[in-house]
Amino acid sequence: MPSTSKLKRSRSVKFTGTKGYMSPEYQLNGIATQKSDVYAFGVVILELLSGEEPVKFKFDKENGQYRSVSVIETAKEAIGSEDFERIRRWVDRRLKDSFPVDIAEKLTRVALECVQPEADKRPDMRRVSGKISKLYLESMKWKDKMGTPMDFTVSLVAR
């Protein structure tokens, strides 16, 4: 059994993260805060809405090289246009337009608040969760107005 006097204990903790989820201040100084968590949560919301990875590489035909594109950039472009059609096209195509576009736009704005480059401009999670809860209730009203889809089939036979 090894002697405890020979074991060194370290009190420092080094966090690692996935690029795309890490806040700018965390990338700079390696210190994780609640605002870093808000940033990562905002990225997750954008990822869920768009169906895209946080960072992907696209081929730029003009210069013949790949460039990184973040889901934050594409969300800002979609929101910046003030065109619901552009938001609709940005949201994950697998949803097949079965979502309220105005709610998707508002949720995208909440997520973009979370990924502000300056930590002190990001909301706290209480505010974020309150906004998301409100948007959820609005989406339930939309669902109730839309009713039950009638273009599906049900099989009661075992497969």
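Note: hydrogens, waters and symmetry copies are ignored here, and every other heavy atom, side chains too, is used.
Tyr21 is not connected to Phe57 by any chain of hydrophobic side-chain contacts under 4.5 Å among Ile, Leu, Val, Met, Phe, Trp and Tyr, and they are in different clusters. Taking hydrophobic clusters as Ile, Leu, Val, Met, Phe, Trp and Tyr residues chained together by side-chain heavy-atom distances below 4.5 Å, Leu48 does not share a cluster with Tyr136. There is no path of hydrophobic side-chain contacts, each under 4.5 Å, that joins Ile72 to Val55.
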Stepwise side-chain contact (heavy atoms from CB on, under 4.5 Å) test for Ile31 and Glu25: CA-CA 8 Å; Ile31 298 172; Glu25 70 276 6; over 6 Å; no
Test side-chain contact (heavy atoms from CB on, under 4.5 Å) on Ile45 and Ile132 and set out the steps. CA-CA 10 Å; Ile45 293 171; Ile132 291 173; 3.8 Å; yes
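Residues Tyr66 and Asp60 have side chains not in contact (no heavy-atom distance under 4.5 Å, counting atoms from C-beta outward). Counting heavy atoms from C-beta on, the side chains of Leu46 and Phe41 never come closer than 4.5 Å. The shortest side-chain heavy-atom distance between Ile87 and Asp102 does not fall under the 4.5 Å cut-off. Considering only heavy atoms from C-beta on, Ser50 stays 4.5 Å or farther from Val91 through its side chain. At a threshold of 4.5 Å between non-hydrogen side-chain atoms, the residues Tyr26 and Thr33 do not count as touching. In this structure, the side chains of Gln65 and Phe59 stay at 4.5 Å or more apart for every pair of heavy atoms. Counting heavy atoms from C-beta outward, Leu49 and Val71 have side chains that stay 4.5 Å or more apart. A 4.5 Å side-chain heavy-atom check between Val38 and Met125 finds at least one atom pair inside the cut-off.
A 6.0 Å sphere centred on CD of Glu53 holds no more than 12 heavy atoms belonging to other residues, nucleotides or ligands. Annotation for Lys76: atom NZ does not count as buried by contact number, only 12 or fewer foreign heavy atoms lying within 6.0 Å.
Under the side chain to side chain contact (heavy atoms under 4.5 Å, CB included) rule, Tyr39 has a single partner from Met22, Gln116, Gln34, Arg122, which is Arg122.
Between atom CD1 of residue Ile79 and atom OG1 of residue Thr108 there is a gap of 4.5 Å, rounded to the nearest 0.5 Å. The OG atom of Ser70 sits 11.5 Å away from atom CD of Glu52, with the distance rounded to the nearest 0.5 Å. Separating the NZ atom in Lys121 from the NZ atom in Lys35 is a distance of 12.5 Å, to the nearest 0.5 Å. Here the straight-line distance linking atom CD of Glu105 with atom CZ of Arg86 works out to 13.5 Å at 0.5 Å rounding.
Checked by atom type, the side-chain pair Thr74/Trp90 shows a donor-acceptor distance below 3.5 Å.
Smallest separation of non-hydrogen atoms from Trp142 and Ser98: CH2-C, 3.5 Å. The shortest heavy-atom contact between Ser36 and Ser23 is OG-OG, 3.3 Å. Among all heavy-atom pairs drawn from Gly51 and Asp92, the shortest one is CA-OD2, 3.4 Å. Of all non-hydrogen atoms in Ser139 and Ile103, the two that sit nearest each other are N-CD1, 3.9 Å. The minimum heavy-atom distance linking Pro117 with Pro24 is given by the pair O-CG, 3.8 Å.
A salt bridge does not link Glu113 with Arg109: none of the charged nitrogens is closer than 4.0 Å to a carboxylate oxygen. Salt bridge annotation for Arg126-Asp124: absent, with no cationic side-chain nitrogen under 4.0 angstrom from a carboxylate oxygen. Look at Lys106 and Glu138 and you find a salt bridge, because one of the NZ, NE, NH1 or NH2 atoms lies within 4.0 Å of a carboxylate O, short of that distance.
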